[in-house]
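In the text below, chain A, chain B and the rest are named by the order of the sequence lines, each starting its count at 1.
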Protein chains: 2
Amino acid sequence: MGKRKLESTNMINERHLDECDLSYALRKLGGRWKILILGKLENKTLRFKELKERVGNITERMLILQLKELEADGLVTRTAHPVVPPRVDYELTQLAIDSIPIWRLLEVWGAQHRNETGNSLPYPKEVGSCD
Amino acid sequence: MGKRKLESTNMINERHLDECDLSYALRKLGGRWKILILGKLENKTLRFKELKERVGNITERMLILQLKELEADGLVTRTAHPVVPPRVDYELTQLAIDSIPIWRLLEVWGAQHRNETGNSLPYPKEVGSCD
DNA sequence: CAGTATCCATTAAGATACTG
DNA sequence: CAGTATCTTAATGGATACTG
């Protein structure tokens, strides 16, 4: 839908960096909301509205945009039930489930980073909690 | 320097998400260039120009912006030698070194993702290679 | 309920020229 | 060499109203 400048330096750099598996992986999980959405779906199937409530502060537009990308990237599955009112369920794919242990490590590293750089939270928090 | 709309929803969301150690960690390592820069500095001290040559295609402006952020975030150290012409060395901190095993896991996951989603590279590549 | 469509604001990234 | 400064473009994120 949007204009694509396939030959802009921006796009060239993006493609170049995506050849690196690591940059590629970071792009799939990056963005402001994706990891949070995936976290909400851990061990659970949720419908659109439930997801929106749990993520909190996300607009419907951003939620659907992120879900579409995650779906296209094979990280969530979308199941639409042909009922009225509509019901659509989202859940993690195995590929996404495989990435969970890595998030946990990153989370622990993030907490360590906070402590060592003095960016500590004003209150303690358990691993995995991310309201 | 730039205008800051501290109370925009954008900023509020950003702060909110940063309370999550995982989103926080992803923000520290995210962006187009950071992981690549950190990778170049693994086991090596490099000066500005060497870094620019190795990262390839990055502008001086972007490189210095990323380096400043990495320095402020305690991930690289900057050592300026008082000589003419100037010489500035960059190297990883222990905190950054601690994160390397996690990148490797993400990298492996990225490669797996490619295979399973049909986004495979047109040629094989070794782990850790990211020209 | 589960989205779309439209428009606007903010941030990230790049090109280029210049300086201590 | 190691940056700054300034300007432009591209991408992301948000508000709001509307629809099947």
Look at [X] and [N] and indicate whether a side-chain polar atom (N or O) is within less than 4.0 Å of OP1 or OP2.
| X | N | value |
| --- | --- | --- |
| A:R87 | C:dA2 | no |
| A:K49 | C:dC1 | yes |
| A:Y90 | C:dC1 | no |
| A:R32 | D:dT12 | no |

**Item:** Contacts of type side-chain contact (heavy atoms from CB on, under 4.5 Å), residue A:K52, not counting sequence neighbours
**Value:** A:E60, A:L63
**Request:** Return the set of residues passing side-chain contact (heavy atoms from CB on, under 4.5 Å) with B:L26 (not counting sequence neighbours), or none when no residue passes.
**Result:** A:L26, A:I35, A:L106
Please report, rounded to the nearest Å, how far the [atom2] atom of [N] is from the [atom1] atom of [X].
| X | N | atom1 | atom2 | value |
| --- | --- | --- | --- | --- |
| A:M11 | C:dA12 | CE | P | 19 Å |
| A:H16 | C:dA13 | NE2 | P | 15 Å |
| B:L63 | C:dA15 | CG | P | 14 Å |
| A:L17 | D:dA10 | CG | P | 18 Å |
| B:M62 | D:dG3 | CE | P | 15 Å |
| B:I12 | C:dT10 | CD1 | P | 12 Å |
| B:E14 | D:dG14 | CD | C1' | 14 Å |
| A:R15 | C:dG14 | CZ | C1' | 16 Å |

**Message:** One character per nucleotide, please: for nucleotides 15-20 of chain D, 5' to 3', B when the base has a protein heavy atom closer than 4.0 Å, S when only the sugar-phosphate does, - otherwise.
**Reply:** B----B
**Asked** Do A:W109 side-chain atoms and B:L95 backbone N/O form a donor-acceptor pair below 3.5 Å?
**Response** yes
Partner set under salt bridge (Lys or Arg N to Asp or Glu O under 4.0 Å) for [X], not counting sequence neighbours:
| X | result |
| --- | --- |
| A:D89 | A:R87 |
| B:K49 | B:E53 |
| B:R27 | B:E14, B:D18 |
| A:E91 | none |

**Prompt:** So, A:K34 and A:E69, do they make that salt bridge, N to O below 4.0 Å?
**Reply:** yes
**Message:** Quick test of your reading: applying side chain to side chain donor-acceptor pair (under 3.5 Å), list the pairs with at least one residue in residues 98-107 of chain A, sequence neighbours left out, ordered by first then second residue.
**Reply:** A:E42-A:R104, A:Q94-A:D98, A:D98-B:Q112, A:S99-A:W103, A:R104-A:E107
**Request:** With sequence neighbours excluded, tell me which residues meet side chain to side chain donor-acceptor pair (under 3.5 Å) with A:E71.
**Result:** none
**Complete:** Hits for ring-ring contact (aromatic ring centres under 6.0 Å, His included) against B:Y24, two or more places apart or cross-chain, chain-then-number order -> A:H113
**Message:** Using a 4.0 Å cut-off on heavy atoms, which residues in residues 64-81 of chain A reach DNA chain C? List them by number, or say none.
**Reply:** A:I64, A:K68, A:R78
**Asked** Dot-bracket for DNA chain D, 5' to 3', counting Watson-Crick or G-U wobble pairs under 3.5 Å, with [ ] for crossing pairs and | for inter-strand pairs?
**Response** ||||||||||||||||||||
**Fill in**
Comparing B:D89 with A:G31, nearest DNA chain D nucleotide closer to 5' gives the residue B:D89
**Prompt:** Any idea which heavy atoms bring A:K28 and A:L75 closest together, and the distance?
**Reply:** O-CD1, 4.2 Å
